[in-house]
Amino acid sequence: MRNKIVAGNWKMNNTLEEGVSLASEIVNIVADELKDDVKMILCPPFIHLNSVSKIIGDADKIALGAQNCNDNLKGAFTGEISVDMLKSVGVGYVILGHSERREYFGESNAFLAKKVKTVLEAGLTPIFCCGETLEIREKDEHFSFVTKQLTESLFHLSAADFQKIVIAYEPIWAIGTGVTASKEQAQEMHKNLREHIAGKYGSDVADSISILYGGSCNPKNAKDLFAQKDIDGGLIGGAALKSRDFVDIGKSY
Ligand code: PEP
């Protein structure tokens, strides 16, 4: 059975004090309201991780994620954060390949393949993001573009390792724009991704992978999106910064 996951990417928002207060609110509401079969993941900035980890404590419906990591294990990489550092503060998930990192930091599919390997070898779970620009969609090349992202960054993995990955389909034209993919558009892409995975690893593996949708997901549209056969949850940006909205998205199954 696939896991139901709602992950919040805080991006470069909130001071430590604000982050601590947001995490505390979420942890409290989740304890009272969230169903047992849903997992919420908080992905704050690096400097919040240690404090947020303590706030999460042993709450079993919430986990901690990072927004990035370096592909090397240690050494002279000024300003970077390693997987061992993340593990040491209780991180379990790492977002990789977010479109903002691809666009502003030049992360290519091949480079992301290295990061995926580093994260998996550390025993952490990559949340691997993929998604097309509006221009690519308008040229009707979105399926081939997104499946290529998977092929080039993930298909070097063994089936056993591939099954440890969470995938997030995030059409770039829907991120932070208020324009959500329709449930039909999102379902169509998720189904396509699952078929692409089945072609490489077989349908048992494809059926076991959680594929999240991301892009202006909010408490109003989450229910329709999460009701789709191949959509297992969401990667949330803006709405993850409001405790009530974020948990309401988690309650949208
Ligand atoms: C994101 O950046 O991953 C994202 C989905 O952002 P938003 O929800 O704000 O569109």
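Both ligands and their constituent atoms are indexed starting at 1 by order of listing.
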Check your understanding: What residue and atom, counting heavy atoms only, is the protein's closest point to atom 3 (O) of ligand 1, and at what distance?
Key -> Glu170 OE2, 2.6 Å
Practice item. Can you pull out the closest protein heavy atom to atom 9 (O) of ligand 1? Residue, atom name and distance to 0.1 Å, please. Key: Gly238 N, 2.8 Å
Review point. Among protein heavy atoms, which sits nearest to atom 8 (O) of ligand 1, and what does the distance come to when rounded to 0.1 Å?
Key: Gly237 N, 2.8 Å
Review point. Can Thr133 and His142 be counted as having a side-chain donor-acceptor contact under 3.5 angstrom?
Key: no
Check your understanding: Is there a path of hydrophobic side-chain contacts, each under 4.5 Å between heavy atoms of I, L, V, M, F, W or Y residues, that connects Phe246 with Val166?
Key -> no
Review point. Under 3.5 Å, is there a donor-acceptor pair linking the side chains of Asn68 and Lys115?
Key: yes
Review point. Any nitrogen or oxygen of Thr177, main chain or side chain, under 3.5 Å from a nitrogen or oxygen of ligand 1?
Key: no
Check your understanding: Identify the closest protein heavy atom to atom 2 (O) of ligand 1: which residue and atom is it, and at what distance?
Key -> Lys11 NZ, 2.5 Å
Revision key, fill the gap. For Gly176, the ligand 1 atoms with a heavy-atom partner under 4.0 Å come out as 7 (P), 9 (O), 10 (O)
Practice item. Take the angle between the ring planes of Tyr201 and Phe155 and call it parallel below 30°, perpendicular above 60°, tilted in between. Key: perpendicular
Review point. Under 3.5 Å, is there a donor-acceptor pair linking the side chains of Tyr213 and Gln185?
Key: no
Exercise for review: Assess the side chains of Ser82 and Asn70: does a donor N or O sit below 3.5 Å from an acceptor N or O?
Suggested key: no
Review point. Of all the atoms in ligand 1, which lie at a distance below 4.0 Å from a heavy atom belonging to Gly215?
Key: 5 (C), 10 (O)
Exercise for review: Just need the protein heavy atom nearest to atom 1 (C) of ligand 1, so name the residue and atom and give the distance.
Suggested key: His98 NE2, 3.2 Å
**Study point:** Within residues 244-253 or reaching into it, pairs that qualify as salt bridge (charged side-chain N to carboxylate O under 4.0 Å, His left out) - sequence neighbours excluded
**Key:** Glu33-Arg244, Glu33-Lys251, Arg244-Asp248
**Study point:** Residue portion contacting ligand 1 (non-hydrogen atoms closer than 4.0 Å) for Ala174
**Key:** backbone
**Study point:** ligand 1 atoms in contact with Ile175 (distance to a heavy atom under 4.0 Å)
**Key:** 1 (C), 2 (O), 4 (C), 6 (O), 10 (O)
